[in-house]
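Order of appearance sets the numbers: ligands from 1, and atoms from 1 within every ligand.
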Amino acid sequence: MSSSPGTPEFADSYLVEVLEEFGLARKYVRAEGNTLYYLADDGAEVGVFDAASGFGSLMFGHNHPELVEHAKWLLDQRTPVHAQFSGYSFALDLAAGLNKIVRRELGTKDKFYGLFGNSGAEAVEITIKHAELDRGMRIAELQAEIDEHTARARAAVEAGVPVSEAAAALDTGGGGFAALVAEVQRRNAETAARPPLFLALEGGFHGKLVSSVQLTYNEEFRGPFKALAAQARFIPRDRPELIAKVVDEERAALLDFVVQDGVVDLVERDFPVFAAFLVEPIQGEAGIFPLTAELARALRQACDTIGVPLVSDEIQSGMGRSGTFLAGTAIGLEPDYIILAKALGAGIAKLGVVLVNEHRYRKEFELMHTSTYGRDGFSSRLAVKFLEMLEADGGRAYRLAAERGARAKAMMEAIKADYPDVVKDVRGAGLMLGFELHEQRGSASAEIREAVEHEALAFVIGGHLLRKHRIRIFSTASNVETMRFEPSIFLSDDEIARVDAAFRDVCQILRDQDAGRFA
Ligand code: F0G
């Protein structure tokens, strides 16, 4: 079997064509630590520092020896990969391990039930389904109460209690109480048939599957598929006061009967319009924007008021990257659901999970949602090993993420101080950093202006960093001025120095408006 890279004839042909244009279509043949290797024309291996690290899924770098050994050991042991519907679910140990860490960080004794899938977006889809099941059950509970009140009202009417004028006015045909009940039921059924809505933040990214993409703010990804799934209302992260306005705009009510003050009357009961509120504690694709503690508080309060679960998407920010297991811990975020993926599979297996607080958990879901590879023996056990490594030596991995990240951030901030005309901002926590350049639309260089117009400047810069500096780094998808820096915790001083020199080179080229120097 050959390990040489193939030609993009039957897959990715367009994508590779685009990447080739910017010199980004390198064919990597080996990966270790923070380095990806490609073969030069003479066959020699050339190492590239990988600051993209599998879109943030490589906490311990590529093919960490301990994780590779464990993966091999699992296969050598003939550990069952599949035994669906059996007494020993392979994810039990993983769910227990996750509970231990998450409860410690959230400072709670609450239980979190794990629901497993194969990717980040899939875990978000599971979240959406679970939240909608929960909403449906809450509607059914409300409906049952209304049915009971209707029966009580009917008995009261039969006993001679009059119907209020306002309520009776609903029965336009003059058909009496039975007709009034029919009209109320018709209206309630109409309201209950409304599709759910979700709340999310502007700039948010929650995946690209059919439902999850509707919670992803970027119109380019979301727009063409709007007709396929439930919609979200998006709130700017710096304007939490708008939540109440949006909730008010979408408000719906069910009609309910009451017998009070000697009359049968109708009252409105709030209908659960929203299924969940999804946020990333550090917005990744938006351009690396950490949420504030103030917003975390406002989100909790709003979700309690509306009665919807608060979902923390930690797919990118979680598993230690920010310096704590959950990035939400630093801002005191108190989620009802936590979604994890990416690094959870140890950078080797494909795995996603949503952890649902017991107060929100609907156990019926376990029989409704299944997936062939979801929580398979190989990925679940590899994830357990990954958690052990994170927690080892009193959490050395978290400390490294914080310390290495602080060092890298200081490097970027020093560049910003030297190039305030080029660098707009440096953001992030731990090893989830964003290096934002000023927009170049008004550049004196026609080439740079043209690249900006085609939304290609980030590719031009990425290509330059790769060719000249052998550094692999991309911009965030929805904020192309921000370079996303997410290497593993083994980031060395030497690698930081290389990025320092490379970023300064880019800044100088942009300051000089001399696109010709982009190699
Ligand atoms: N949520 C967040 C916060 C993400 O960053 C991603 C993926 C997903 C959900 C979807 O996960 O790719 O495993 O299905 N972000 C990638 C990125 C695409 O560029 O960081 P997935």
Side-chain angles (χ1 to χ4, degrees), residues 15 19 24 50-59 115-129 198 200-218 220-222 225 229 232 234 237 276-291 310-322 326-328 333 335 337-355 371 373-374 379 383 428-434 458-459 462 472-480 482-488:
L15 176 65
L19 293 174
L24 289 165
D50 185 15
S53 108
F55 290 151
S57 23
L58 299 167
M59 276 294 287
L115 299 166
F116 292 83
N118 305 281
S119 68
E122 191 183 323
V124 174
E125 299 274 327
I126 294 171
T127 300
I128 291 169
K129 277 184 68 180
F198 288 81
L201 295 181
E202 286 185 5
F205 188 96
H206 300 289
K208 289 183 176 170
L209 291 183
V210 170
S211 295
S212 49
V213 80
Q214 292 309 319
L215 312 186
T216 288
Y217 184 64
N218 191 322
E220 201 186 317
F221 303 148
R222 173 171 50 95
F225 310 104
F234 295 98
R237 69 178 162 266
F277 198 150
L278 276 86
V279 301
E280 298 155 83
I282 302 176
Q283 289 192 303
E285 289 301 292
I288 317 292
F289 286 97
L291 303 188
L310 177 58
V311 180
S312 185
D313 179 343
E314 293 260 13
I315 289 169
Q316 190 170 153
S317 59
M319 274 90 45
R321 178 158 291 286
S322 72
L326 301 172
L333 190 70
Y337 295 37
I338 299 161
I339 317 179
L340 304 168
K342 286 198 196 261
L344 186 63
I348 295 174
K350 299 170 182 176
L351 182 62
V353 64
V354 49
L355 300 168
S371 158
Y373 271 87
S379 51
L431 288 164
M432 187 166 176
L433 299 175
F459 284 127
R472 188 175 130 89
I473 188 164
F474 303 113
S475 71
T476 53
S478 305
N479 180 333
V480 291
T482 300
M483 305 307 283
R484 173 167 69 161
F485 188 75
E486 296 189 2
S488 85

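- With sequence neighbours left out, the ring pair (Phe, Tyr, Trp, His ring centres under 6.0 Å) criterion links Y337 to H130.
- Residues S212 and E125 bring a donor and an acceptor atom of their side chains to less than 3.5 Å of each other.
- For the residue pair Q214 and S211, no side-chain donor N or O sits within less than 3.5 Å of a side-chain acceptor on the partner.
- Contacts of R237 classified as salt bridge (Lys or Arg N to Asp or Glu O under 4.0 Å), with partners at least two apart in sequence or in another chain: none.
- With sequence neighbours excluded, no residue forms a ring pair (Phe, Tyr, Trp, His ring centres under 6.0 Å) with F474.
- A side-chain donor from one of N479 and T482 sits under 3.5 Å from a side-chain acceptor of the other.
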At less than 3.5 Å, what protein N or O atoms come close to the N or O atoms of ligand 1? Include the distances to 0.1 Å.
residue, atom, partner, partner atom, Å
ligand 1, 1 (N), F205, O, 3.4
ligand 1, 1 (N), D313, OD1, 3.4
ligand 1, 1 (N), D313, OD2, 2.7
ligand 1, 5 (O), Q316, NE2, 2.7
ligand 1, 11 (O), A121, N, 3.4
ligand 1, 13 (O), G120, N, 2.8
ligand 1, 14 (O), A121, N, 2.8
ligand 1, 15 (N), K342, NZ, 3.1
ligand 1, 19 (O), E285, OE2, 3.1
ligand 1, 19 (O), R484, NH2, 3.2
ligand 1, 20 (O), E285, OE2, 3.4
ligand 1, 20 (O), Q316, NE2, 3.1
ligand 1, 20 (O), K342, NZ, 2.8
ligand 1, 20 (O), R484, NH1, 2.8

